[in-house]
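Structure record follows, encoded as structure tokens.
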There are 2 protein chains.
Amino acid sequence: MAIVSRYTIALHILTWLAYWAEKDEFFPSDRIANSVGTSPVFLRRILGQLAKAGLVLVQHGGTGAGWKLARRPEDISLLDVYEAVVQTPLFEMHHSQPNPSCIIGHGIQPALQRVYEDSEEALKLRLAQESIGDLVASALEHGKL
Amino acid sequence: MAIVSRYTIALHILTWLAYWAEKDEFFPSDRIANSVGTSPVFLRRILGQLAKAGLVLVQHGGTGAGWKLARRPEDISLLDVYEAVVQTPLFEMHHSQPNPSCIIGHGIQPALQRVYEDSEEALKLRLAQESIGDLVASALEHGKL
DNA sequence: CACATTGTAACTTATTCAGTTCCATTGAAG
DNA sequence: CTTCAATGGAACTGAATAAGTTACAATGTG
């Protein structure tokens with residue numbers, strides 16, 4: 001399979017919040033849902049993860065409750081978002097145990113472990129180079145056509 | 001989610017075949033299944049993909065039917081295996097359509113497309129640097145303890 | 001106190017993956 | 001030319017996971 005669409009949704013949310021950030025207000029989840037095209041409850045689940053990671057701030061009760069960015073868009077990297085939203089390792093190991101009395105079956109998992117960690121690291125390094133600020137600029141460019 | 005365990009299984013298969021490669025015979029799928037710890041039918045599905053990609057050779061009927069490597073282990077990169085077995089893009093887009101009348105909703109997908117492609121490319125570049133030969137060496141090192 | 005909004009739990013639905021069973025097909029060996 | 005060990009593929013099951021929905025208690029501003 002692939003990296004969950006939850007990650008795409010999280011990036012959409014943050015890009016949207018960044019676009020409206022100059023207003024400096026809290027935006028409710030159904031307002032965001034209108035742009036993303038999915039349910040406010042689903043968004044709140046993701047927003048909760050982003051809040052735990054310190055990427056957004058939440059205002060609970062009263063009128064004017066909702067969400068806003070906790071930092072400037074340029075200071076939120078796509079890696080920050082990845083680590084906030086994706087908790088599972090990128091590569092899956094065997095579902096059923098390989099045969100430990102076979103020398104390959106015994107040694108393959110630690111061998112893969114090392115390669116998998118390095119490869120995941122390469123991906124994360126690339127994600128660290130891009131920010132929500134970049135996404136806003138790029139989305140506006142494409143959105144205006 | 002993550003990259004399917006099918007990829008791990010494919011690497012296990014090829015590492016196993018590489019380990020026995022000097023014998024220069026064809027190995028049946030249930031012999032391989034004994035090391036991997038999963039069903040021969042599942043393995044044959046994966047072996048079929050590897051054969052299509054030209055990484056293994058198959059011998060159909062008769063005694064001595066089975067599978068063997070089509071190239072030397074050092075000439076099969078982990079990227080070759082990835083492209084043989086994983087067909088879907090690494091990142092998932094939205095499941096439901098973002099709002100096209102919102103400027104962010106309209107521009108976000110092409111913006112993400114570019115970043116996603118670049119990031120997937122970074123992962124593949126790392127996978128291209130490692131070969132089945134490396135995996136055999138590393139697995140033997142760990143397997144001997 | 002009123003009320004807009006969050007937080008969370010429980011449920012449904014769809015999808016995907018791994019694994020299984022079954023049988024027709026293949027082709028080397030005797 | 002028969003035998004038989006093996007592949008190839010279809011059809012099915014079971015389990016896990018994701019996205020989406022409904023419902024309601026908790027929050028805290030005004």
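Chain A is the first sequence line, chain B the second, and so forth, proteins listed ahead of strands; every chain is numbered from 1. Note: hydrogens, waters and symmetry copies are ignored here, and every other heavy atom, side chains too, is used.
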* What heavy-atom pair brings A:Gly107 and B:His142 nearest, and what distance separates the two atoms? -> O-CB, 4.0 Å
* Asked: Which atom names give the shortest non-hydrogen contact between B:Ala53 and B:Ala84, and what distance separates them?
  ->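 Looks like CB-CB, 3.5 Å.
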* To do: Assign a letter to each nucleotide of nucleotides 20-29 of chain D from its 5' end: B, base within under 4.0 Å of a protein heavy atom; S, sugar-phosphate only; -, no contact.
  => BBB----BBB
Rounded to the nearest angstrom, tell me the gap between atom [atom1] in [X] and atom [atom2] in [N].
X: B:Glu25; N: D:dA6; atom1: CD; atom2: P; value: 12 Å
X: A:Ile46; N: C:dT6; atom1: CD1; atom2: P; value: 14 Å
X: B:Leu43; N: D:dA6; atom1: CG; atom2: P; value: 14 Å
X: A:Arg31; N: C:dT6; atom1: CZ; atom2: C1'; value: 17 Å
X: B:Phe26; N: C:dA28; atom1: CZ; atom2: C1'; value: 12 Å
X: B:Asp30; N: C:dT20; atom1: CG; atom2: P; value: 13 Å
X: A:Leu47; N: D:dA19; atom1: CG; atom2: P; value: 14 Å
X: B:Leu57; N: D:dG8; atom1: CG; atom2: C1'; value: 17 Å

* Can you name the residues that form a side-chain hydrogen bond (donor to acceptor under 3.5 Å, both in side chains) with B:Thr8, not counting sequence neighbours? ->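 Residues passing side-chain hydrogen bond (donor to acceptor under 3.5 Å, both in side chains) with B:Thr8: A:Tyr116.
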* Asked: Any side-chain donor-acceptor pair under 3.5 Å between B:Ser35 and B:His12?
  ->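 Yes, B:His12 and B:Ser35 have a side-chain donor paired with an acceptor closer than 3.5 Å.
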* **Cation over ring face, B:Arg31 and B:Trp16, 6.0 Å, 45°** =>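 No, B:Arg31 does not lie over the aromatic ring of B:Trp16.
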* For a side-chain contact (heavy atoms from CB on, under 4.5 Å) with A:Glu130, tell me which candidate from A:Leu78, A:Leu11, A:Leu79 qualifies. => A:Leu78
* Using a cut-off of 4.0 Å on non-hydrogen atoms, how would the nucleic acid contact of A:Gly66 be classed: base, sugar-phosphate, or nothing? -> sugar-phosphate
* To do: Kindly say if B:Ser29 contacts the phosphate of D:dA6, meaning a side-chain N or O under 4.0 Å from OP1 or OP2.
  => no
